[in-house]
Amino acid sequence: MTKSNAYAAPSATEELGPLTIERRDVGPHDVQIEILYCGVCHSDIHQARNEWGNSIFPMVPGHEIVGRVTAIGDHVKTFKVGDLAGVGCLVDSCRTCSQCEAGEEQFCENGSTGTYNSKDKNGNVTYGGYSTQVVVDENFTLHISEKLELSAVAPLLCAGITTYSPLKHWKVGSGHKVAVVGLGGLGHMGVKLAAAMGAEVTVLSTSDNKEADAKRLGATHFVNSKNEEKMKSLKGHFDFILNTVSAPNSYDKLMNLVATNGAMVLVGAPPEPSAITGFSLIMGRKTLAGSLIGGIKETQEMLDFCAEHNITSDIELIPMSKINEAYERMMKADVKYRFVIDLASLKN
Ligand code: NAP
Ligand code: ZN
Ligand code: ZN
């Protein structure tokens, strides 16, 4: 075991603070990574505050991890010491069920192991990327291009794959009108990726001060979702809506904007329910669906797509000590567009 500096939530009601954790010894199939940067996802807040009701404390959040390989196990084939490496939301799964075989480990029928707030096969609680080091099985470690700014690559490991996967699954591309709801970490990646896939993108946001950014990120149109008149004028307009909102919002109102046979996919995971009436789906044979991150193979595909298209996240780099402030700002939608922790600030 090796000790690692970390930041943890001691309970659902306390702020995050320093904690020393232990990482397992490097096994034959493991990669040890010195964490350089870790993105801050709204799921970190939901879980650190036990909003989804499944939290294990103390909790070390963080599942947008990038760093350099510092050691490898004897059987590791695809990484060597000094390589860049990434870790997203998953660190293990059963590897034998039909979902795992299909490369969709996020839907593992026997339960995948999350990067944090989860228990591994030995019953040990997993700790995430708000720490200086991590040991992960080679099969759940991603290859990162040297070409892109590393700190801005970190958010691709969750925000990137979570928006890429549904866009691919629903075959979004040129000729499609896409709306992205909520311009935060996921939303801004959704805009970049949908635009890169050739779609015409509209941002539906509650923050007027994000309009110029939305267009710079690749959106053609920007609409304040609180403007009822404007929202009504978009009835039946979109082939596909990607809903990234972290708080309850009106699914009915948004379904009205979906074209006949179109879909709205939820990736935002608010803890409280949002009402939906059957009519907003029935009138136009519309689909309301959800999507969870993406499998390891698709995550690598997304990273390669981003390297090829020069796509990274727009970030605000913070020291570990600013994490509680970052959470508060995210709660006010004051994020442009992903906080990324510089783990150099946690070394001593
Ligand atoms: P974020 O950076 O905090 O962005 C969320 C955005 O939603 C805000 O910036 C804001 O955008 C909008 N918003 C917030 N409160 C709102 C409200 N009350 N009404 C309307 N809009 C509101 O969060 P994130 O990291 O992108 O995560 C978004 C959600 O996705 C979270 O629930 C997270 O847990 C979930 N998530 C799901 C998956 C998955 O696999 N499905 C993966 C990662 C994250 P505007 O200022 O533009 O309105
Ligand atoms: Zn996430
Ligand atoms: Zn499985």
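Remember, predicted model here, so these are calculated numbers, not experimental data. Ligands are counted one by one from 1 in listed order, and the atoms in each one are counted from 1 as well. Only heavy atoms go into these numbers, but all of them, side chains included; no hydrogens, no water, no symmetry mates.
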For [atom], which protein heavy atom lies nearest, and how many Å away is it?
atom	answer
atom 44 (C) of ligand 1	S43 OG, 3.2 Å
atom 13 (N) of ligand 1	V245 CG1, 3.8 Å
atom 1 (P) of ligand 1	H42 ND1, 3.8 Å
atom 25 (O) of ligand 1	R338 NH1, 2.6 Å
atom 39 (C) of ligand 1	T162 CG2, 3.4 Å
atom 31 (C) of ligand 1	H46 NE2, 3.4 Å

N/O/S from H63 sitting under 2.8 Å away from the Zn ion (ligand 2): yes
The Zn ion (ligand 2) to nearest N/O/S of C41 less than 2.8 Å: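 Yes - counting backbone and side chain alike, C41 has an N, O or S atom under 2.8 Å.
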Closer than 4.0 Å to some heavy atom of [X] - which atoms of ligand 1 meet that?
X	value
C158	42 (C), 43 (C)
W52	34 (O)
I293	39 (C), 40 (O)
A333	8 (C), 9 (O), 10 (C), 46 (O)
A247	15 (N), 17 (C), 18 (N)
S205	45 (P), 46 (O), 47 (O), 48 (O)
T206	20 (C), 21 (N), 45 (P), 46 (O), 47 (O), 48 (O)

Exceeds 12 heavy-atom contacts within 6.0 angstrom, atom CZ of F57: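 Count over threshold, so yes.
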Donor-acceptor contact below 3.5 Å, side chain H309 vs main chain C306: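 Side chain of H309 to backbone of C306: no pair is present.
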Options A159, C89, G182, ranked by nearest heavy atom to atom 12 (C) of ligand 1, top entry: G182
Close N or O approach (L186, ligand 1; < 3.5 Å):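 In this structure, L186 places an N or O atom under 3.5 Å from an N or O of ligand 1.
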Contact with ligand 1 for N249, non-hydrogen, under 4.0 angstrom: no
Close approach, Q106 and ligand 1, non-hydrogen under 4.0 angstrom: no
